[in-house]
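Report on the structure given below.
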Amino acid sequence: MEPTIACVVPCHNEEAAVGKVVRDLRAALPEAIVYVYDNASTDRTVEVAREAGAIVRQEPRKGKGNVIRRAFADVAADALLIIDGDDTYDASRARDLVNLLFDGPYDQVVGARRVTDDGAYRAGHAAGNKLLTGAVRSLFGNDVTDMLSGYRVFSQRFVKSFPALAREFETETEMTIHALHLRLPTAEVAVDYRVRPAGGESKLRTYRDGWRILRVILDLARRERPSLVHTVIAGVLALVSVVLGIPVIADFVRTGTVPRLPTAVLAAAIMTIATLVLLVGYILESLMHMRQEQTRLVHLSYPAPAYSPRLTARGAGIGAVSGRKTAASPRNAIALDAEQHRDLEQGQEVSPSDG
């Protein structure tokens with residue numbers, strides 16, 4: 001059976017760029033179905049996307065995370081590509097990312113951004129990305145260089161095991177940590193990152209969204225690394241207890257009395273709390289392992305991504321995998337039949353099973 005490929009383009013007021021993104025995707029992946037998820041746009045995003053040949057769906061709740069949750073629930077494909085609709089990523093490289101996913105096989109291929117235009121990154125965005133990526137690398141592992149990239153390809157088993165709880169731009173952080181924590185095979189491909197076209201406006205707010213992403217990292221650390229977090233908290237409490245208790249113990253050794261009884265009671269209470277916090281951390285760690293096992297079993301219930309042997313050569317791509325250059329083997333695209341082409345041109349929905 002030939003594999004299916006779907007592209008998801010989240011959009012909010014992207015009439016200036018979404019048409020080019022859709023056309024580039026259809027040129028790079030003619031066999032793919034391109035879905036544009038309109039996220040409460042007030043401009044001509046919907047009309048422009050349909051004119052370019054995309055299937056348009058609506059997600060009225062604002063926020064990229066809401067779009068991803070809806071798309072991951074609605075769309076079934078052997079490879080699912082997501083890319084922002086602002087034309088800052090090189091959509092013509094989509095074939096390289098998809099080829100690498102199948103050749104691995106990998107569960108996730110990330111388009112690691114390579115800035116080619118001055119001004120592509122707004123002031124503070126590059127530093128914030130490095131800071132947040134460094135925090136994730138320290139907590140969850142080193143297999144990531146661009147945690148916040150919005151250009152990715154996923155296997156079906158990644159998509160259907162990913163809970164998608166985020167609401168806004170923190171969704172990429174959630175994807176990265178999901179892959180790291182389950183140790184899913186992931187690769188990176190360097191892709192050009194350029195300035196928005198004239199008329200486009202960034203939806204990312206440096207401080208608001210940076211703080212939101214940092215909060216997500218801390219919350220995920222609490223849920224995914226409970227023993228570490230609780231050990232740190234217990235250690236701080238134990239240190240406070242020892243600092244308070246040493247003078248009381250010294251007085252008792254010297255005089256045989258406890259003149260500062262309230263301090264002694266406080267030190268003992270804090271040490272008791274530290275012990276309870278540590279025990280709770282170990283209990284949560286056991287529960288987390290049980291949840292991780294269940295997620296892993298859901299992931300394994302889907303087959304690994306694989307190209308059909310009936311496909312013939314079409315194009316090749318080069319991707320960086322864990323610091324090494326890996327050649328993505330030439331593959332051919334499977335053409336949509338005439339009926340699907342007509343439906344796409346008219347903006348009608350096509351079931352993935354029809355591909």
Side-chain angles (χ1 to χ4, degrees), residues 65 69 128-144 147-148 161-184 186 207-300:
R69 179 168 60 250
N129 188 22
K130 289 181 180 179
L131 177 64
L132 295 171
T133 299
V136 169
R137 287 164 66 94
S138 299
L139 286 170
F140 298 99
N142 295 321
D143 299 332
V144 58
M147 180 187 73
L148 302 181
S161 65
F162 178 62
L165 301 176
R167 297 177 183 273
E168 297 191 24
F169 285 102
E170 64 271 22
T171 186
E172 285 92 357
T173 303
E174 196 177 40
M175 293 171 182
T176 300
I177 293 175
H178 176 75
L180 288 173
H181 203 57
L182 288 184
R183 289 170 287 177
L184 304 182
T186 297
Y207 298 107
R208 185 201 68 178
D209 292 308
W211 171 244
R212 188 188 298 273
I213 292 169
L214 182 59
R215 273 176 32 200
V216 169
I217 292 173
L218 295 176
D219 184 58
L220 287 170
R222 178 181 60 82
R223 290 192 284 114
E224 306 294 341
R225 299 289 303 276
S227 62
L228 173 63
V229 173
H230 282 252
T231 297
V232 171
I233 296 173
V236 172
L237 291 173
L239 180 61
V240 172
S241 175
V242 169
V243 170
L244 291 174
I246 285 178
V248 176
I249 295 173
D251 288 342
F252 179 77
V253 171
R254 187 175 61 256
T255 65
T257 61
V258 183
R260 291 185 283 187
L261 183 60
T263 302
V265 172
L266 178 61
I270 293 176
M271 184 61 75
T272 301
I273 294 172
T275 303
L276 291 175
V277 168
L278 188 63
L279 291 175
V280 168
Y282 285 125
I283 293 172
L284 291 176
E285 185 81 10
S286 299
L287 294 176
M288 184 273 298
H289 277 296
M290 292 174 60
R291 178 172 57 82
Q292 188 178 14
E293 289 173 358
Q294 293 300 316
T295 304
R296 180 70 177 170
L297 291 174
V298 172
H299 172 264
L300 292 175

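For the side-chain contact (heavy atoms from CB on, under 4.5 Å) with His230, the qualifying choice from Leu278, Ile283, Val280 is Val280, the only one to do so.
Residues Gly65 and Thr171 approach most closely at CA-CB, 3.9 Å, considering heavy atoms. When all heavy atoms of Leu244 and Ala267 are compared, the closest pair comes out as CB-CB, 4.0 Å. Nearest approach of Thr186 to Ala179, heavy atoms of both residues: OG1-CB, 3.9 Å. Across all non-hydrogen atoms, the minimal contact from Ala166 to Arg69 is O-NH1, 3.2 Å. Summarising the geometry of Val258 relative to Phe252, their closest heavy-atom pair is CG2-CD1, 3.9 Å, with the distance given to 0.1 Å. Minimum heavy-atom separation, Ala238 to Ala274: N-CB, 3.9 Å.
For the atom pair Met288 CE and Met290 CE, the distance stands at 12.0 Å (nearest 0.5 Å). Taking CG of Leu266 as the start and CZ of Arg260 as the end, the distance is 12.0 Å to the nearest 0.5 Å. Note that CD1 of Ile270 is 10.5 Å distant from CG of Leu239, once rounded to the nearest 0.5 Å. Remark: Glu170 CD to Leu148 CG distance equals 11.0 Å, nearest 0.5 Å.
For the side chain to side chain contact (heavy atoms under 4.5 Å, CB included) test, residues two or more places apart in sequence or in another chain that qualify with Leu182 are His178, Leu184, Gln292, Thr295.
Listed by first then second residue, pairs satisfying salt bridge (charged side-chain N to carboxylate O under 4.0 Å, His left out) with a partner in residues 270-293 read Glu224-Arg291, not counting sequence neighbours.
Within 6.0 Å of atom CZ in Arg167, 12 or fewer heavy atoms from other residues, nucleotides or ligands are found, so the atom counts as exposed in its surroundings.
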Is there a side chain to side chain contact (heavy atoms under 4.5 Å, CB included) between Met271 and Val242? Walk through the geometry before answering. CA-CA 8 Å; Met271 184 61 75; Val242 169; 4.0 Å; yes

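A donor-acceptor pair under 3.5 Å links the side-chain atoms of Thr272 to the main chain of Ala268, judged by distance alone.
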